[in-house]
*Asks:* 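Okay, handing you the structure first.
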Amino acid sequence: MKNLFNIVLTCLLIYFSFYYTNLVLTYIKNKDPLMIEIKNNKDKYEIKAHDAIIKDNTIIPGIKGVKVNTTKSYLKMKKINTYLDTMLVFDYYPPNISISNNLDKIIISGNKDKNNISILIDINDLTLLKELLKNDNNYNLILTSTFIDTNYLYLKELKNNIVSLNYNKLVKYSYTNNFTKKNLELPTVKPYFITSNYYYNTLKVVENGSILAYKIKNIKNIKDLNLIVSKLKNLNYNLVSLDTLIKE
């Protein structure tokens, strides 16, 4: 019994020793001018998460939150004992209402606070596709299941997101022309289809977060698209993939 008591007492002493040591180290760390400077500056870099916007069966992605991890930042900077903004370590956390937990909704836009837009290309000709992709513009490709199967080896090497009504392991997104989600296995986007006068009709509707779609049937369509893309970039829009557009 005495031995048991001694073992328990020893364990308690070790526990409280570690606990006390941790308290002392935490106190010293918090009094360190380096930690004080980190805490004094952290609010400048922290961003509150913005919830996704849901209306009926549609959704617009939110923005993830950002916090400075003071402990990891301190340990990193302590190696050189100097405060540098570039050495801050950040933690990211999702919004309470997120695309990730609302996959049954139709994505109608990217976040309006970011000047990103995405372009979907409806195409069914391999020669035209290769010509189109000579300019690396992060296009997302609307393809039929037949086209995907026929050109599988070529398509699997592309970094472009593939969008289709039918499931295929190369397909990352589905799309809809109305507000009906047909494919429950994939995230669904509803683009704004530009069917004529690319230049005028694009500039009339484009805004932050726009998802625009164009059908490419010939070389002239590609030239028209290149012209409007150049104009959009001059207007400071970032042409991004759907992955980037809807990332929170």
*Asks:* Examine distances only and state if a side-chain atom of E248 and a backbone atom of S98 form a donor-acceptor pair shorter than 3.5 Å.
*Replies:* no
*Asks:* Measuring only between side-chain heavy atoms, which start at C-beta, is I106 closer than 4.5 Å to I59?
*Replies:* no
*Asks:* Between CG of L132 and OG1 of T127, what distance do you get to the nearest 0.5 Å?
*Replies:* 12.5 Å
*Asks:* Closest approach of N96 and D51, non-hydrogen atoms and distance?
*Replies:* N-OD1, 3.1 Å
*Asks:* Does anything in residues 117-129 pair up under salt bridge (charged side-chain N to carboxylate O under 4.0 Å, His left out), and if so which pairs, sequence neighbours excluded?
*Replies:* D122-K215
*Asks:* Quick one: do the N178 and T176 side chains pair a donor with an acceptor below 3.5 Å?
*Replies:* yes
*Asks:* Would you indicate whether K247, at its atom NZ, is surrounded by more than 12 heavy atoms from other residues, nucleotides or ligands within a distance under 6.0 Å?
*Replies:* no
*Asks:* Look up atom CD1 in I211 and atom OG in S109, then write down how far apart they are to the nearest 0.5 Å.
*Replies:* 6.0 Å
*Asks:* For side-chain hydrogen bond (donor to acceptor under 3.5 Å, both in side chains), just list the numbers for D243 and Y173, CA-CA rounded to whole Å, side-chain angles, deciding distance to a tenth of an Å, and then say yes or no.
*Replies:* CA-CA 10 Å; D243 289 344; Y173 296 92; 2.5 Å; yes
*Asks:* For V171 and N166: C-alpha separation, side-chain torsions, deciding distance, then whether side-chain contact (heavy atoms from CB on, under 4.5 Å) applies.
*Replies:* CA-CA 8 Å; V171 176; N166 302 105; over 6 Å; no
*Asks:* Step by step, would you call T144 with T146 a side-chain hydrogen bond (donor to acceptor under 3.5 Å, both in side chains)?
*Replies:* CA-CA 5 Å; T144 65; T146 301; 4.8 Å; no
*Asks:* What's the separation between atom CE in M87 and atom CG in L75, rounded to the nearest 0.5 Å?
*Replies:* 10.5 Å
*Asks:* Please determine whether residues L133 and V229 belong to a single hydrophobic cluster, defined as Ile, Leu, Val, Met, Phe, Trp and Tyr linked transitively by side-chain heavy-atom distances below 4.5 Å.
*Replies:* yes
*Asks:* In chain order, what residues pass the side-chain contact (heavy atoms from CB on, under 4.5 Å) check against F90, with sequence neighbours excluded?
*Replies:* Y45, V66, V68, L88, Y92
*Asks:* Taking the side chain as every heavy atom from C-beta outward, state whether Y175 and K190 have any atom pair closer than 4.5 Å.
*Replies:* no
*Asks:* Between CG of L186 and NZ of K172, what distance do you get to the nearest 0.5 Å?
*Replies:* 10.5 Å
*Asks:* When you measure from the side chain of N116 to the backbone N and O of L239, does any donor-acceptor pair fall under 3.5 Å?
*Replies:* no
*Asks:* If hydrophobic clusters are built by linking Ile, Leu, Val, Met, Phe, Trp and Tyr wherever their side-chain heavy atoms come under 4.5 Å apart, do L155 and L126 end up in the same one?
*Replies:* yes
*Asks:* Membership question, hydrophobic clusters at under 4.5 Å side-chain separation (ILVMFWY): are V205 and Y200 in the same one?
*Replies:* no
*Asks:* Just wondering, do L227 and Y198 contact through their side chains at under 4.5 Å, heavy atoms?
*Replies:* no
*Asks:* Please check if the side chain of N57 supplies one atom and the backbone of K105 the other of a donor-acceptor pair under 3.5 Å.
*Replies:* no
*Asks:* CZ/F193 to CG/N177 distance, rounded to the nearest 0.5 angstrom?
*Replies:* 4.5 Å
*Asks:* What about I119 and L242, same hydrophobic cluster or not, with Ile/Leu/Val/Met/Phe/Trp/Tyr joined at side-chain heavy-atom distances under 4.5 Å?
*Replies:* no
*Asks:* Look at the side-chain heavy atoms of Ile, Leu, Val, Met, Phe, Trp and Tyr, link any pair under 4.5 Å apart, and say whether Y237 and V240 land in one connected group.
*Replies:* no
